J.: 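Have a look at this one before I ask anything.
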Amino acid sequence: MRYDTPSLNRWHSRVHDSSFGYVSTQGAPLVDLLDPRPGERVLDLGCGTGVLTAQIAARGADVLGIDGSSAMIEKALAQHPGIDFIVGDGHDFTVADAYDAVFSNAALHWMNREPGMVIANIHQALTPGGRFVAEMGGAGNCAELTAAMLTAWREYGLREPDLPWYFPTPAEYARRLEQEGFVVRVLEYFDRPTPLDECPRGAADWVRMFASSVLEGLPPEIVEPLLGRVNELAAPALRRETGWMADYVRLRFAAVRR
Ligand SMILES: C[S@@+](CC[C@H](N)C(=O)[O-])C[C@H]1O[C@@H](n2cnc3c(N)ncnc32)[C@H](O)[C@@H]1O
């Protein structure tokens, strides 16, 4: 199986229930919630450069990382020899042999074309009783950042940008999971203000790094002033003495295939 999704190569290559071993508490790392056991077959969907894939492998699981970006997969293969990684799209993948668990961190909200299809593919990839453990952006994620963008775009007379994410409410995602044949065991929804350490120019850098598709097709000469205006608009809510802080909101869940 090999897919390539060229658009994803824009990515900068640089987480008490009997099914899960313990009751999750807010802040518990996602790999702990997954609780991979030696010999288990685990699929890491949207694995990026494989940092968490390697943590799962280090616990003895037999893990495969899948990502839509060939650049990410090349790095993952180079950085983690001995772990299997392939290019694949969450909307369109099948596996030959079923997995005990599917894991996904910070990736499902990018699979925004048809979220139900992604969940259905994950369901098909699991054995009955298999676990689906993930964290993603939830409703309200980056609300201040996106409000600043929308206002700046409007002020510049630009068409409203197509934002490339799916940030569901807990109720909406739980309904989708149940519709596709999962039982939801754990579902958390929480604010996680996150320092923008890699964005010295604050919201402007964040847009370039995480929402670069909205800049495509804009007259090059307006990009800098437009992003400068995003910074001005976002600063009152997000700029602290210590630096910029993104207003992240997360959904974290563990579900079981019926
Ligand atoms: C923020 S990164 C997270 C990477 C990794 N899970 C981690 O926690 O370090 C999101 C990843 O999702 C991948 N991605 C986005 N859309 C995808 C899709 N439709 N199918 C597969 N992977 C996708 C991106 O290429 C990127 O590597």
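Numbering of ligands and ligand atoms starts at 1, following listing order. Keep in mind that what you see is a predicted model, and the values were worked out from it rather than measured.
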J.: Could you list all the side-chain hydrogen bond (donor to acceptor under 3.5 Å, both in side chains) pairs where at least one residue sits in residues 55-66, not counting sequence neighbours?
T.: D32-R59
J.: Going through the checks in order, is the ring-ring contact (aromatic ring centres under 6.0 Å, His included) test met by Y166 and H109?
T.: CA-CA 5 Å; Y166 168 60; H109 51 261; 9.4 Å; no
J.: Centroid-to-centroid, F253 to F132, below 6.0 Å?
T.: yes
J.: Output yes when E216 and R208 qualify as a salt bridge under the 4.0 Å nitrogen-oxygen rule, no when they do not.
T.: no
J.: Using a 3.5 Å cut-off on N or O atoms only, is D67 in polar contact with ligand 1?
T.: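 Right, the criterion is met.
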J.: Could you go through E135 and R192, starting from their C-alpha distance and side-chain angles, then the distance that decides it, and tell me whether this counts as salt bridge (charged side-chain N to carboxylate O under 4.0 Å, His left out)?
T.: CA-CA 12 Å; E135 186 175 307; R192 193 176 63 204; 2.7 Å; yes
J.: Given that the side chain starts at C-beta and the backbone is N, CA, C, O, which of these parts of S104 lies under 4.0 Å from ligand 1, counting heavy atoms, or is it both or neither?
T.: neither
J.: Whether E232 and R239 form a salt bridge (side-chain N of Lys/Arg under 4.0 Å from carboxylate O of Asp/Glu) is what I want to check.
T.: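 Between E232 and R239 there is no salt bridge, as every charged N stays at least 4.0 Å from the carboxylate O atoms.
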J.: Under 4.0 Å, heavy-atom basis, I'd like to know which part of L52 is in contact with ligand 1: side chain, backbone, both or neither.
T.: side chain
J.: Provide the number and element of each atom of ligand 1 under 4.0 Å from a heavy atom of M72.
T.: 27 (O)
J.: Taking only heavy atoms of G68, which atoms of ligand 1 are found under 4.0 Å from at least one of them?
T.: 21 (C), 22 (N), 23 (C)
J.: At a 4.0 Å threshold, what atoms of ligand 1 neighbour a non-hydrogen atom of G46?
T.: 3 (C), 4 (C), 5 (C), 6 (N), 11 (C), 12 (O), 22 (N)
J.: Out of all atoms in ligand 1, which are within 4.0 Å of some heavy atom of G88? Include the element for each.
T.: 20 (N), 21 (C)
J.: Could you tell me whether A106 and ligand 1 have an N or O pair separated by under 3.5 Å?
T.: no
